[in-house]
Amino acid sequence: MADTLTDPKLELIKLAPYIYFSGKGINDFGFYEDCTNQYQYAVIQFFVPTTPASVNIGICFTKQCSISDINSSIQTLKKWILPIAQDISQVDLTEYELKFLDSQVTPQPQFATYILISCLIGFLMLQVYFTYFHKKDMEVPQQQLQQEYEQRDIQEVSTYFDEEQQLINHANKTKQNRKGIQLNEFYELYLNLDLKDNYQECCKPQESRYSSLNGIRVLGFLMCVFGNTGISMLLQCDFYQVQHYSKHYILLIVFGCIYSVEIFLWLSGFFAVLSLVKLNCLYSLLLRICKIWPLMVLIILINTQIIPYLGEGPRWFYIERYTKCGKWWQNILFINNFDDENYCTLWLWQLSLDVQLTILCAIIIILYKRNKMAAIILTSILLLVSQSYVIYTCLQKEYGIPYFAVFTTDIYKAFYYRPWFRAPPYFVGMLTAFFVINFKRKLKLWFQNTIQILGFLIILYLTVGWYDAMQFGEDFYPKLYAQIYEGVMRTIYAIGITLFVLPNLLGNNNIIYQLLNYTPIKYVVKFTFVGYLLHMLVVEVVIASFYRSLDFNIQSIGQVYVGCVLIISGFSFIFRWLIELPIQIKHSVKEKSQSKLYVQKKNVDLI
């Protein structure tokens, strides 16, 4: 490779004496500040089709250089950049864009930016007013107060999480206490603008019947942040350093974190069944969607109206594709995972996938309430059909081991974001919930320990088992094996989760249960949903803020990851306290008055 680069580098040195300030390799941005103090700076961005990724190099040139001079330099750069980059990405990178950057010129916020900031400040001031200055009516009848307290005693519902179980338990308890009395169940929008109450709610631990899943949720969130941090650095760091670590175990861990999606889908399928079985399906769906919308809309607004103006530098253009939201309505309707050209808050595709699969789950639960066995059989058939289609696609398109398949750009367009390809782990979560609901016997201790060990070994193997392929090349395993591996690994990983946690779900509080339900986890788990919405904003802003090329090594990845986790944690607490908790959907249970009962009965008779 060094021989290949020798002649073109000499040509570059002849072209300009400012090569010292320019990048020397792929994704090397040179010395941005030193160059812009005296000369002009630009970034050549070669696009990777169908993905938001690009191959870049920073160049420094005199202010007297014309566009034709710069394009001539680009043609020379292409002689040694493109052969290497195209060999890696296996795609045509001839399309490029020249971005001129000036450290003296900063983008000015739009009018909508000031409107958004004003609304956020106004909402905060409204909460301060209701907390410290609003006089509450003390003459409210005691019975009415008691009724309000009962309604407010229900904790809110989050997207992937089992806080819905607390809502269900409350509803069942209320029904038992009022046995023999006809009740009316409904959902209502509830605004609690008291900062003190919401702060106390933030500081409470998360308790639920299935507390062993708290650790799984937190683990999935941390894997999600680490994987996206590592991949973002992989795409933006000096390529030669990345190539040096191409066979290092750190990349094994980075790509192993892609299973965080399977963890969230499994959890979503599991808890969707538990909530839909005991509550009205339509109401539960509306509850889930209404819980997502406020925070998702706010994240999109922050991403488009605030993030672009938070920084500058040679890397800042990396976040441009994520902040252009001309198709924001696709995110609101939860269909953005069908549009390959929509990169607006790209990481929110998982929310769309969750809602789409939950709608399917609701249809199955309607059948389940009439015929349990038919619903379970239908879910199993859907699992087998979707899994067979995934295997067929991997064989047809020759997708191999994850480490190599990730560089196939077609995998994102036809595979990665689609619900029919990502559904199997969701169905596994649903079947697990069906089993937990209907299985009444207690498993023998030796059997519980056996399946937990088996589940752990499955998860471990799928995470690091392809280390040999990374070391010795894509052809280390037979092609057929590699393609089937890519097709079934996500489903088997979900089965591994089921085996690992099933004894704890059935009531075995062993040492694994204690680890997964460790006290700090009970506090952290409540912020994982907000943290997921925020994590890519933080990761992209942190990495794009560096002027000089980041080193791709264990220390740098660890430092950026820890820094991102701390920042995400702080903002997650603030967003949950000031945004999520004040706007809640409450489930209420009230007695029907006799007059209403009479009118209702009378209407039925008339019909």
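Across all their heavy atoms, Arg422 and Glu262 have their closest contact at NH2-OE2, 2.6 Å. Of all the heavy atoms in Pro425 and Arg490, the pair that sits closest is CG-O, 3.9 Å. Across all non-hydrogen atoms, the minimal contact from Met223 to Cys257 is O-CB, 3.2 Å. Across all non-hydrogen atoms, the minimal contact from Phe334 to Leu351 is CD2-O, 4.2 Å. Pairing each heavy atom of Ile451 with each of Leu502, the nearest pair is CD1-CD2, 4.3 Å. Residues Thr131 and Leu193 come closest through the heavy atom pair OG1-O, 3.4 Å.
For the residue pair Asn337 / Gln356, a side-chain donor-acceptor distance below 3.5 Å is found, with atom types taken as modelled. With 3.5 Å as the limit, one finds no donor-acceptor pair spanning the side chains of Asn331 and Ser352. Looking only at atom types and distance, the side chain of Asn198 has no donor-acceptor partner in the side chain of Glu580 under 3.5 Å away. Between the side chains of Trp316 and Ser545, no donor-acceptor pair of N or O atoms lies under 3.5 Å. In this model, no donor atom of one side chain and acceptor atom of the other lie less than 3.5 Å apart for Asn228 and Glu540.
Under the 4.5 Å side-chain criterion, counting only non-hydrogen atoms from C-beta, Asn214 is not in contact with Leu516.
No more than 12 heavy atoms of other residues, nucleotides or ligands sit less than 6.0 Å from atom OH of Tyr518. More than 12 heavy-atom neighbours from other residues, nucleotides or ligands sit within 6.0 angstrom of CZ on Phe435. Counting non-hydrogen atoms of neighbouring residues, nucleotides and ligands closer than 6.0 angstrom, the CH2 atom of Trp347 exceeds 12 such neighbours.
Between Phe573 and Phe527, the gap from one ring centroid to the other is short of 6.0 Å. For Phe434 and Tyr368, the gap between ring centers is short of 6.0 Å. Taking the six-membered ring for Trp and the full ring otherwise, the centers of Phe270 and Tyr210 sit less than 6.0 Å from each other.
Sulfur-to-sulfur, Cys344 and Cys325 sit under 2.5 Å apart at their SG atoms.
The structure places CZ of Arg217 at 7.5 Å from CG of Leu213, a figure rounded to the nearest 0.5 Å.
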Inset, instruction - In sequence, state the C-alpha distance, the side-chain angles, and the governing distance for Tyr417 and Leu346, and then conclude on side chain to side chain contact (heavy atoms under 4.5 Å, CB included). - result: CA-CA 10 Å; Tyr417 304 124; Leu346 181 61; 3.9 Å; yes
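Ring pair Phe500/Phe456 is tilted by interplanar angle, where 30° to 60° counts as tilted.
Under the salt bridge (Lys or Arg N to Asp or Glu O under 4.0 Å) criterion, Lys327 pairs with Asp339, sequence neighbours left out.
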